[in-house]
Amino acid sequence: MELQPEVSRWDVTPSEAVELQRRLREQLVLRPPPGLKVERIAGADISTEKGKDTGFGGFVVLDVETLAPVAQSGAAVTLHFPYVPGLLSFRELPIVAAAWERLTVRPDVVIFDGQGTAHPRRMGIACHGGLLFGVPSIGCAKSLLVGTHGPLGEARGSTAPLTHRGEVVGMAVRTRKGVQPVYVSPGHLMDLPTAVELVLKVSPKYREPETTRHAHRLVNALRRADGEGAELE
DNA sequence: GCGACAG
DNA sequence: ATCTTGTCGC
């Protein structure tokens, strides 16, 4: 038996998970690979059911110019970690990883539904996922975990730096006029300006990125199909 | 000790 | 996240 790499170690207690995050963050690279070209961008998400312990995860890869889906994958995995603020990756990544293994088309960037560096230890699910898959990643959350920001303009594209303990850890971004902003932060192999630019690019019409919207629909469909006795791949 | 707290 | 119906506004 070989010891699992720390980046894919899920059999930990909440206390051990916190220590693991402190070590993993040393491996983070907060800048894009030189000459990064983004042609395909993916969204990852999971769906769970109230009284059950099965999680349905999936990826949807989009052409970054047309935003048309070019590939997708899904997987059902038993949940083994509770939802604990700050430790979301330990609950969701095992499921997302199973779907990643079934994804045949590799995206250039992955957008996660949650925080990147806008996290107590700068190791949100987007950071952990980027490290795990070795892919540039972005965190785009619907609400804040940590940090504060000043007011931002009403227009789509308006931004306001998100600060935590004296550091700029992300950006509040208005992706649509008249709606609450989303919170963007780099995951791995990514920087804040590039993350904000990409999120705006894939969110031309609605508050959330098209990647997230597609992934969310996919995993919910998988969950419902499973409940009806159907078997999907 | 109290309040906050991604999904 | 999930549980749920109608309802207010562009």
Side-chain angles (χ1 to χ4, degrees), chain A residues 10 14-15 17-18 21 24-25 28 43-59 74-97 99 110-132 137-149 154-156 162-165 169-188 190 192 195 199 205-209 211-227:
Chain A
W10 315 121
S15 170
V18 167
Q21 291 182 323
L24 291 175
R25 78 178 160 189
L28 273 189
D45 196 15
I46 78 156
S47 178
T48 60
E49 197 153 347
K50 186 176 61 175
K52 295 181 176 292
D53 65 340
T54 298
F56 299 83
F59 276 90
V77 177
T78 302
L79 295 164
H80 289 294
F81 201 90
Y83 168 68
V84 179
L87 301 179
L88 180 65
S89 63
F90 292 88
R91 176 177 176 79
E92 301 199 344
L93 284 186
I95 305 165
V96 171
V110 172
I111 297 180
F112 286 85
D113 193 0
Q115 316 293 347
T117 56
H119 176 279
R121 292 166 293 282
R122 311 292 180 259
M123 265 302 292
I125 188 171
C127 301
H128 200 156
L131 278 176
L132 179 63
S137 59
I138 295 169
C140 182
K142 298 178 292 299
S143 61
L144 286 176
L145 174 59
V146 296
T148 58
H149 66 80
E154 294 297 290
R156 165 186 147 73
L162 179 60
T163 300
H164 181 238
R165 295 183 184 177
V169 297
M171 195 78 88
V173 180
R174 187 98 64 195
T175 51
R176 175 176 179 162
K177 180 181 178 181
V179 303
Q180 288 300 106
V182 291
Y183 305 96
V184 179
S185 56
H188 179 50
M190 183 58 54
L192 186 53
V199 166
K205 188 170 182 179
Y206 300 106
R207 183 191 179 213
E208 296 199 62
T211 45
T212 301
R213 288 163 48 77
H214 273 94
H216 199 275
R217 269 182 295 160
L218 169 63
V219 296
N220 274 316
L222 290 175
R223 175 167 61 81
R224 290 162 185 158
D226 179 82

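We use all heavy atoms of the structure for the numbers below, so side chains are in, but hydrogens, waters and symmetry mates are not. Residue numbers begin at 1 in each chain, while the letters A, B, ... track the order of the sequences.
Contact between the side-chain N/O atoms of His216(A) and the OP1/OP2 oxygens of dA1(C) is found at a separation under 4.0 Å. Ser143(A) has no side-chain polar atom (N or O) that falls below the 4.0 Å cut-off from OP1 or OP2 of dC5(B). Contact annotation: Lys142(A) side-chain N/O to dG7(B) OP1/OP2 distance is under 4.0 Å. Residue Thr48(A) places none of its side-chain N or O atoms closer than 4.0 Å to OP1 or OP2 of dG7(B).
Of the candidates dA6(B), dC3(C), dG7(B), dC3(C) carries the atom nearest the Glu49(A) side chain, counting heavy atoms from C-beta on. Comparing atom distances between the Ser47(A) side chain and each of dG7(B), dT2(C), dC5(B) picks out dT2(C) as nearest. Each of dT2(C), dC5(B), dG7(B) was ranked by its minimum atom distance to the side chain of Arg223(A); first place goes to dT2(C). Which of dT2(C), dA6(B), dG7(B) sits closest to the side chain of His119(A) comes down to dA6(B). In this structure, of dA1(C), dT2(C), dA6(B), it is dA1(C) that holds the atom nearest to the side chain of Asp113(A).
A straight line from CG of Asn220(A) to P of dG7(B) spans 14 Å, rounded to a whole angstrom. Distance, Phe90(A) CZ to dG7(B) C1': 15 Å, rounded to whole Å. The interatomic distance linking Arg91(A) (CZ) with dT2(C) (P) rounds to 10 Å, in whole Å. Rounded to an integer number of Å, the gap from Asp45(A) CG to dT2(C) P is 8 Å. Look at OH on Tyr83(A): it is 10 Å from P on dA1(C), rounded to the nearest Å. Residue Glu92(A) contributes atom CD, which lies 9 Å from atom C1' of dA6(B) at whole-angstrom precision. Distance Arg121(A) CZ to dC5(B) P: 16 Å, rounded to the nearest Å. If you measure from atom CD1 of Ile95(A) to atom C1' of dG7(B), you get 11 Å, rounded to the nearest angstrom.
Between the side chain of Arg223(A) and the main chain of Gly55(A), no donor-acceptor pair closer than 3.5 Å is present.
Under the stacking criterion of a centre-to-centre distance below 5.5 angstrom and an interplanar angle below 30°, Tyr183(A) is not stacked against the six-membered ring of dA6(B).
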- Query: side chain to side chain contact (heavy atoms under 4.5 Å, CB included) between Thr117(A) and Arg25(A): does it pass, once the steps are laid out?
  - Reply: CA-CA 9 Å; Thr117(A) 56; Arg25(A) 78 178 160 189; over 6 Å; no
- Determine, step by step, whether Glu208(A) and His216(A) satisfy the side chain to side chain contact (heavy atoms under 4.5 Å, CB included) criterion, reporting the C-alpha distance in whole Å, the side-chain angles of both residues, the deciding distance to 0.1 Å, and the verdict. CA-CA 11 Å; Glu208(A) 296 199 62; His216(A) 199 275; over 6 Å; no
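Side-chain contact, Arg217(A) with Asn220(A): no donor N or O sits under 3.5 Å from an acceptor N or O.
Using a 4.0 Å heavy-atom cutoff across all strands shown, Gly86(A) reaches at least one base atom of the nucleic acid. Within 4.0 Å of Ile125(A), counting heavy atoms only, lies at least one base atom of the nucleic acid.
Centroid-to-centroid, the aromatic rings of His128(A) and Phe90(A) come within less than 6.0 Å.
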